[in-house]
Amino acid sequence: MEATAEWTGAAGTRRPSRGRTAGAWLSGLLLAAVSVVVGCRAADTDAVTPVPQLLAFLPWLLAPTALALLLALLARWRTGLVWGVLALAALAWFTEPYGGTDEPTGTALAEFRVLTSNVQFGRGTPSLVPAIRRARPDIVFVEECEHRCSATLERTFGGPRGTYPYRQAVDGAGSDGSVILSRFPLKAAPAVPGTMGMPGAVADVHGHAVRIQLAHPMPPLPGQLSVWRRELGALRAYAASGAGAPTVLAGDFNASQDHAVFRRILATGLRDGAGLAGAARTPSWPADTAPPFGTQIDHVLVSRDFSANSARFLDIAGTDHRALLVDLTLHQHTQPRGPNSE
């Protein structure tokens with residue numbers, strides 16, 4: 001490192017200051033690590049472990065970058081100062097919310113509320129039940145809803161006269177089970193294939209058919225990245241298969257807007273409901289440190305037929321995820337009239 005040297009020794013020999021040299025080296029190591037992650041973000045790739053895990057917390061890399069810049073300043077390392085400023089600028093650029101925020105222009109057809117919650121092996125179910133009663137969502141997506149969770153929701157809200165008489169579920173133990181509850185009639189649809197249950201349906205929302213799909217792909221664990229990519233790819237294929245139909249894709253995506261595989265889902269035309277409502281970077285996981293620290297991996301994605309009026313993150317005891325509540329408005333789909341339009 002080219003840290004500024006100091007005069008030491010009786011003979012006036014020039015030796016580098018140990019403190020400044022160590023500071024320059026540490027600054028360089030921090031900047032190198034940050035630059036690898038930022039470079040992968042710029043190249044639109046999730047690369048290999050530990051890059052996908054660090055990409056989830058991309059905005060928080062501002063802290064080690066600022067520390068590296070301070071160390072470079074104390075070490076009087078000019079190259080490090082320039083490097084640090086460039087890294088900060090790149091992080092600030094990529095921290096901006098990703099995805100469109102334009103509003104639909106068609107006539108409003110229906111308003112409804114969506115809630116998604118990962119209850120972590122069913123442990124958050126006792127807290128989720130009163131949260132549902134308070135928030136009164138119209139459609140509820142519950143991930144990691146194992147057998148007891150599913151039975152509790154059916155007993156509490158189900159049945160012909162229940163609050164949610166319609167449901168689609170993939171039964172399973174531990175993290176494998178998932179449930180969709182709905183006030184609206186549901187028509188069964190094929191589940192998206194995955195390690196954990198991802199049921200889907202078509203909801204009759206006041207006479208309008210809306211595709212709804214629960215998302216819960218594998219997390220990007222070391223050694224499981226290929227599964228994570230494949231299952232997020234299956235969700236992208238579902239999103240792309242809508243042929244313009246109104247679509248709501250909600251759940252625990254185990255991915256943030258800084259993951260390339262997640263942005264490819266948005267590239268199909270879906271938009272992030274929390275982002276539309278001005279909460280694009282609000283953390284949903286881990287719940288113990290959110291909102292001061294965390295990342296948003298729980299999402300409600302909607303097609304361009306929808307606007308999002310509000311988005312709120314709810315604390316649910318017993319789980320490591322915060323629930324996400326989004327108020328949506330379905331609009332009349334408008335197509336530009338071409339020369340062959342009738």
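Contact check on D327 versus R113 returns a salt bridge, with a Lys/Arg side-chain nitrogen under 4.0 Å from an Asp/Glu carboxylate oxygen. Ion pairing between R281 and D258 holds under the 4.0 Å rule for side-chain N and carboxylate O.
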For the pair V170 and D176, evaluate side chain to side chain contact (heavy atoms under 4.5 Å, CB included) and give the outcome as yes or no after the intermediate values. CA-CA 8 Å; V170 174; D176 295 343; over 6 Å; no

Starting from the C-alpha separation in whole Å, work towards a yes-or-no answer on side chain to side chain contact (heavy atoms under 4.5 Å, CB included) for L54 and V36. CA-CA 10 Å; L54 292 173; V36 168; over 6 Å; no

Applying side chain to side chain contact (heavy atoms under 4.5 Å, CB included), run through H216 and N254 and close with a yes or a no. CA-CA 7 Å; H216 193 206; N254 279 310; 4.1 Å; yes

H299 vs F262, test: side chain to side chain contact (heavy atoms under 4.5 Å, CB included). Steps then yes/no. CA-CA 11 Å; H299 308 275; F262 181 74; 3.7 Å; yes

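Within the structure, disulfide bond (SG atoms under 2.5 Å apart) contacts touching residues 223-269 (residues at least two apart or in different chains) do not occur. The side-chain hydrogen bond (donor to acceptor under 3.5 Å, both in side chains) pairs that include a residue from residues 58-72 number zero, where partners must be two or more places apart or lie in different chains.
Two residues are said to be in side-chain contact when any heavy atoms from C-beta on lie closer than 4.5 Å; V179 and C149 fail this criterion. Between L81 and L69, some side-chain heavy-atom pair lies under the 4.5 Å cut-off. Under the 4.5 Å side-chain criterion, counting only non-hydrogen atoms from C-beta, D288 is not in contact with D320. Between L61 and F94, the closest side-chain pair of non-hydrogen atoms is not below 4.5 Å. Side-chain contact between W77 and W25: absent, with no pair of heavy atoms (C-beta onward) separated by less than 4.5 Å. Contact check for S175 versus F121: side-chain heavy atoms found under the 4.5 Å cut-off. Side chains of S284 and I297 form a contact here, defined as non-hydrogen atoms less than 4.5 Å apart. Residues L26 and L67 have side chains not in contact (no heavy-atom distance under 4.5 Å, counting atoms from C-beta outward).
Relative ring orientation between F57 and W285 is described as tilted, the plane-to-plane angle lying within the 30° to 60° band.
Under the 6.0 Å cut-off for aromatic ring centres, H259 and F253 do not qualify, their centroids lying 6.0 Å or more apart.
Of the residues listed (L325, V114, L249), the one engaging V300 in a side-chain contact (heavy atoms from CB on, under 4.5 Å) is V114, and it is the only one.
The minimum heavy-atom distance linking A110 with H206 is given by the pair CB-CD2, 3.7 Å. For the pair P283 and G294, the tightest heavy-atom approach, listed with the atom from each and the gap, is CB-C, 3.5 Å. Considering all non-hydrogen atoms of both residues, Q168 and A189 come closest at NE2-N, 4.4 Å. When all heavy atoms of T247 and A245 are compared, the pair lying nearest together is OG1-O, 2.9 Å. The shortest non-hydrogen separation linking P52 to V48 is CD-O, 3.1 Å. Closest approach of T329 to H331, counting heavy atoms only: O-CD2, 3.3 Å.
Between the side chain of T152 and the backbone N or O of R148 there is at least one donor-acceptor pair closer than 3.5 Å. Checked by atom type and distance alone, the side chain of R271 pairs as donor or acceptor with a backbone atom of F306 at under 3.5 Å. A donor-acceptor pair under 3.5 Å is formed between the side chain of T319 and the backbone N or O of N118.
Listed by chain and residue number, R322 satisfy the salt bridge (Lys or Arg N to Asp or Glu O under 4.0 Å) test with D315 (two or more places apart in sequence, or in another chain).
Criterion: ILVMFWY side-chain heavy atoms under 4.5 Å apart, direct or through other members. Under it, I132 and F141 are not part of a common hydrophobic cluster. Criterion: ILVMFWY side-chain heavy atoms under 4.5 Å apart, direct or through other members. Under it, V261 and V37 are not part of a common hydrophobic cluster. Under the 4.5 Å side-chain heavy-atom criterion for grouping Ile, Leu, Val, Met, Phe, Trp and Tyr, V210 is connected to I180 within one hydrophobic cluster. Note on L115: it does not cluster hydrophobically with F112, by side-chain heavy-atom contacts below 4.5 Å among ILVMFWY residues. L71 and V85 fall into different hydrophobic clusters, where Ile, Leu, Val, Met, Phe, Trp and Tyr side chains are chained together by heavy-atom contacts under 4.5 Å.
Judged by a 6.0 Å distance limit and a 45° cone about the ring axis, R183 is not positioned over the six-membered ring of Y166.
Atoms OG and CG, on S35 and L30 in that order, are 10.5 Å from each other to the nearest 0.5 Å. T295 OG1 to L58 CG: the interatomic distance, rounded to the nearest 0.5 Å, is 9.0 Å. Of the inter-residue distances, the one linking K187 atom NZ with R211 atom CZ reads 13.0 Å to the nearest 0.5 angstrom. We find the NE2-CD distance between H321 and E144 to be 6.0 Å, quoted to the nearest 0.5 Å.
A donor-acceptor contact closer than 3.5 angstrom links the side chains of T195 and E231. Between R133 and T163, the side chains place no donor N or O within less than 3.5 Å of an acceptor N or O (distance only, hydrogens not considered).
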